[in-house]
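A quick write-up on the structure given underneath.
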Amino acid sequence: MNFRDLFSKRSIRQLIFVALLFALLIPIAIWDSGTQVKVNFNDSSLFIKCDRYNMTISYDEIASVELAELAEGGEKLENGYDDDIIRAGLWKNDIWGEYHICADLDTTVCVVIKLEDGRTFVFSCKSDKATTEDYEQLKTYLT
């Protein structure tokens, strides 16, 4: 019994189609996963990462945190980039002054963190719901 006896021509074509489909979907999944903002709550600090930028913020340094509307970026400064999916790096605008950001631009809300030394950090996740959930979780680490 050989391979052709085990499978019909139709089943071989279906198998090839499924293999090609997976071959196309895997790179898309990998590409998309690199563009999302990831937030990790550690014991003593908050770690925020996106494609080419990350921020670590110690809970002890946080003076205030608020949920706000995601504002226009303003002026790109050091390591700033905006690729219509993610805005990241150091920016300056009229609302927050100089600020560090890691934001998914599919959202309308963001978390604004002001540190005791005057620095401002801004982040948002893939959706308004996820951003709001991270805001609520961050507040639990500050109490």
Checklist line | Separation between CG of Asp94 and CD of Glu75, rounded to the nearest 0.5 Å | finding: 10.5 Å
Note to self: If you apply the rule side chain to side chain contact (heavy atoms under 4.5 Å, CB included), what do you find for Tyr135 with Val109, and how did you get there?
What the structure shows: CA-CA 10 Å; Tyr135 166 72; Val109 298; over 6 Å; no
Next item on the list: Give a yes or no on whether Val65 and Val39 share a hydrophobic cluster (residues Ile, Leu, Val, Met, Phe, Trp, Tyr; joining criterion: side-chain heavy atoms under 4.5 Å apart).
Entry: yes
Next item on the list: I would like to know whether Thr120 and Val122 meet side chain to side chain contact (heavy atoms under 4.5 Å, CB included); could you show each step before the answer?
Entry: CA-CA 7 Å; Thr120 301; Val122 177; 4.2 Å; yes
Notebook entry, point to check: Is there a ring pair (Phe, Tyr, Trp, His ring centres under 6.0 Å) between Phe121 and Tyr99 once you walk through the steps?
Noted result: CA-CA 6 Å; Phe121 291 83; Tyr99 66 100; 9.9 Å; no
Notebook entry, point to check: Hey, does the side chain of Asp128 reach the backbone of Thr108 with a donor-acceptor pair shorter than 3.5 angstrom?
Noted result: yes
Margin query: Salt bridge or not between Lys76 and Asp82? Use side-chain N to carboxylate O under 4.0 Å.
Written below: no
Notebook entry, point to check: Considering only heavy atoms from C-beta outward, does the side chain of Glu136 approach that of Glu133 to under 4.5 Å?
Noted result: no
Next item on the list: First locate atom CG of Leu46, then atom CD of Gln137, and finally report the distance between them rounded to the nearest 0.5 Å.
Entry: 9.5 Å
Check: Do Leu67 and Met55 belong together in a cluster built from hydrophobic side chains that touch within less than 4.5 Å?
Finding: yes
Check: What closest approach, in Å, do Asn93 and Ile95 show between heavy atoms, and which atom pair accounts for it?
Finding: OD1-N, 3.1 Å
Notebook entry, point to check: Is Ile62 reachable from Val112 through a run of I, L, V, M, F, W or Y residues, each pair having side-chain heavy atoms under 4.5 Å apart?
Noted result: no
Notebook entry, point to check: Which pairs count as side-chain hydrogen bond (donor to acceptor under 3.5 Å, both in side chains) when at least one residue sits in residues 53-72, sequence neighbours excluded?
Noted result: Tyr53-His100, Glu61-Arg119
Notebook entry, point to check: Do the side chains of Ile85 and Leu105 get nearer than 4.5 Å, heavy atoms only?
Noted result: no
Checklist line | Closest approach of Asn42 to Phe47 (non-hydrogen atoms, all atoms of both residues) | finding: ND2-CB, 4.0 Å
Note to self: For Ser127 versus Thr107, what's the shortest heavy-atom pair and its separation?
What the structure shows: C-CG2, 3.5 Å
Notebook entry, point to check: Do Val111 and Ile48 sit in the same hydrophobic cluster, where Ile, Leu, Val, Met, Phe, Trp and Tyr count as joined when their side-chain heavy atoms come under 4.5 Å apart?
Noted result: yes
Check: Would Arg87 and Tyr81 satisfy side chain to side chain contact (heavy atoms under 4.5 Å, CB included), going step by step from the backbone distance to the final call?
Finding: CA-CA 6 Å; Arg87 181 180 304 135; Tyr81 72 94; over 6 Å; no
Next item on the list: Please tell me if the side chains of Leu138 and Ile113 come closer than 4.5 Å, counting only heavy atoms from C-beta onward.
Entry: yes
Note to self: Under the criterion side chain to side chain contact (heavy atoms under 4.5 Å, CB included), I'd like the reasoning laid out for Asp106 against Leu70: C-alpha separation, chi angles, the key distance, then a yes or no.
What the structure shows: CA-CA 10 Å; Asp106 286 339; Leu70 184 60; over 6 Å; no
Next item on the list: Return yes if a side-chain donor-acceptor contact under 3.5 Å exists between Ser124 and Asp104, otherwise no.
Entry: no
Item checked: Those residues that, when tested against Lys92, pass salt bridge (charged side-chain N to carboxylate O under 4.0 Å, His left out) (two or more places apart) -> none
Next item on the list: Specify the closest pair of heavy atoms between Lys49 and Cys102, including all atoms of both residues, with the distance to one decimal.
Entry: C-SG, 4.0 Å
Notebook entry, point to check: Taking the side chain as C-beta and beyond, is there a heavy-atom pair between Trp91 and Leu77 under 4.5 Å?
Noted result: no
Notebook entry, point to check: Looking only at heavy atoms, which two atoms of Cys125 and Thr131 are closest? And how far apart?
Noted result: N-OG1, 2.8 Å
Margin query: Rounded at 0.5 Å granularity, tell me how far CD1 in Ile101 sits from SG in Cys50.
Written below: 9.0 Å
Check: What's the shortest heavy-atom distance between Ala71 and Trp96, and which atoms?
Finding: N-CH2, 3.7 Å
Notebook entry, point to check: CG of Asn40: more than 12 outside heavy atoms within 6.0 angstrom?
Noted result: yes
Check: How about Ser44 and Tyr141: do any of their side-chain heavy atoms sit closer than 4.5 Å?
Finding: no
